[in-house]
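What follows is one structure encoded as structure tokens, with my remarks underneath.
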Amino acid sequence: MTGLLMRTVYFPDQSVLAEVPVKMVLDLFLNQATAHSNTLHLYQHAERLGHASFHVVRTNQAGIDEPLYRMTVSGGLDMDGGEGAPRRMGAGWRLEADLRDGQELEALQMDLTAAETERTVMLRWKKGQDLPAMEVRQGNKIIMDTKGAMALVGMSEQMGMFGGMFGLVKPGGGAPQVTVEAREGVMDLAGRGRRCFVVRMKVFETYDVQALFTEVGELARVDLPHGFSLKEPLIHGLEPDLVER
């Protein structure tokens, strides 16, 4: 990405940062998406594990003032194929979230596939539904659905980094809870403090995701739970110290 010579990212006390509309940041990202790649590398601390691609589409519907933003994230975990062998796909995922006016969740779809175990997880939810529809398959066989997930709590540990999904289906029901907010921030870009935008998303009261956008809307970094992060390749290649931050 042109001009992304970031050395260190830091966030002043959020109480002094000006809040901005989330849709403003998404619109800036949309403008940049036509000119730049939106594929980031996935890391856990210093180890590169895979990749993810981000896309946002804006839809203006007749009679509705607030636009609908569909955010799509897809990617995979790469497994080491051995000495001299290419890395191969170990797991893949795709997430689609429909956000009214960039903030209110109207629909959610998640698909996860673990190649080694032939296990797939599917989750679907639309506004108005109490519980999301969930389905876990082992090959072609359904081994768990929404009702089963509510009754069988311990299985989530077998899913590794995807296990937290089972926490989305809680006894007693309740629609998925997602909050999104955006604020101004400051980052050290080419040795100078530059304005940026920080978008924070809290999902299901379980996951806290923070995304950093440059002033012109380029997606630079996404911090995920459990030490995972997504980094724009140019930034990581120029500044390897960012891996440990």
Report the distance from atom [atom1] of [X] to atom [atom2] of [Y], rounding to the nearest 0.5 Å.
{"X": "Glu96", "Y": "His55", "atom1": "CD", "atom2": "NE2", "result": "11.0 Å"}
{"X": "Ser74", "Y": "His51", "atom1": "OG", "atom2": "NE2", "result": "7.0 Å"}
{"X": "Leu42", "Y": "Ser229", "atom1": "CG", "atom2": "OG", "result": "7.5 Å"}

Quick one: do [X] and [Y] end up in the same hydrophobic cluster if we chain Ile, Leu, Val, Met, Phe, Trp and Tyr together by side-chain heavy atoms under 4.5 Å apart?
{"X": "Met24", "Y": "Leu30", "value": "yes"}
{"X": "Trp93", "Y": "Trp125", "value": "yes"}
{"X": "Leu224", "Y": "Phe29", "value": "yes"}
{"X": "Val121", "Y": "Leu77", "value": "yes"}
{"X": "Val56", "Y": "Val20", "value": "yes"}

* Asked: Just checking, any donor-acceptor pair under 3.5 angstrom between side chains of Arg200 and Gln210?
  ->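 Gln210 and Arg200 do not have a side-chain donor-acceptor pair below 3.5 Å.
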* Asked: Is it true that the side chains of Thr113 and Thr120 contain a donor and an acceptor less than 3.5 Å apart?
  ->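 Side chains of Thr113 and Thr120: no pair found under 3.5 Å.
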* To do: Walk me through it: do Leu49 and Phe228 pass the test side-chain contact (heavy atoms from CB on, under 4.5 Å)?
  => CA-CA 9 Å; Leu49 299 178; Phe228 290 93; 3.5 Å; yes
Would you call [X] and [Y] a side-chain contact if the rule is heavy atoms closer than 4.5 Å?
{"X": "Gln61", "Y": "Thr59", "value": "yes"}
{"X": "Leu108", "Y": "Leu123", "value": "yes"}
{"X": "Ser53", "Y": "Val73", "value": "no"}
{"X": "Gln109", "Y": "Leu95", "value": "no"}
{"X": "Glu181", "Y": "Met201", "value": "no"}

Salt-bridge present ([X], [Y]; N to O < 4.0 Å):
{"X": "Arg70", "Y": "Asp98", "result": "yes"}
{"X": "Asp145", "Y": "Arg137", "result": "no"}
{"X": "Arg221", "Y": "Glu232", "result": "no"}
{"X": "Arg195", "Y": "Glu184", "result": "yes"}

* side-chain contact (heavy atoms from CB on, under 4.5 Å) between Leu230 and Tyr43: does it pass, once the steps are laid out? -> CA-CA 6 Å; Leu230 291 158; Tyr43 291 85; over 6 Å; no
Looking at [X] and [Y], what are the two nearest heavy atoms and their distance?
{"X": "Gly102", "Y": "Leu26", "answer": "CA-CD1, 4.0 Å"}
{"X": "Gly217", "Y": "Leu28", "answer": "CA-CB, 3.7 Å"}
{"X": "Val222", "Y": "Phe54", "answer": "CG2-CZ, 4.0 Å"}
{"X": "Ile143", "Y": "Arg119", "answer": "CD1-NE, 4.1 Å"}
{"X": "Gly185", "Y": "Val198", "answer": "CA-CG2, 4.4 Å"}
{"X": "Phe197", "Y": "Thr214", "answer": "CD1-O, 3.7 Å"}

* Crowded around Glu118 CD? As in, over 12 foreign heavy atoms under 6.0 Å? -> no
* Give a yes or no on this: more than 12 heavy atoms of other residues, nucleotides or ligands lie within 6.0 Å of atom CG of Asn60. =>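 Enclosed: over 12 neighbouring heavy atoms sit under 6.0 Å from CG of Asn60.
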* Between Arg94 and Thr72, is a side-chain contact (heavy atoms from CB on, under 4.5 Å) present by the stated rule, with each step listed? -> CA-CA 7 Å; Arg94 181 181 176 87; Thr72 302; 3.7 Å; yes
* Residue pairs involving residues 53-69 (criterion salt bridge (charged side-chain N to carboxylate O under 4.0 Å, His left out); sequence neighbours excluded) ->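 Found Asp27-Arg58.
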* Structure fact -> Contacts of Thr179 meeting side-chain contact (heavy atoms from CB on, under 4.5 Å) (sequence neighbours excluded), chain-then-number -> Lys202
* Taking it one step at a time, do Leu68 and Leu99 satisfy side-chain contact (heavy atoms from CB on, under 4.5 Å)? -> CA-CA 6 Å; Leu68 184 70; Leu99 298 168; 5.9 Å; no
* Output, in order, the C-alpha distance, side-chain angles, deciding distance and verdict of salt bridge (charged side-chain N to carboxylate O under 4.0 Å, His left out) for Asp111 and Arg124. => CA-CA 9 Å; Asp111 294 282; Arg124 302 284 188 271; 3.2 Å; yes
* **Cation-aromatic face contact Lys23/Tyr69, 6.0 Å, 45 degrees** =>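 Lys23 over Tyr69 ring: no.
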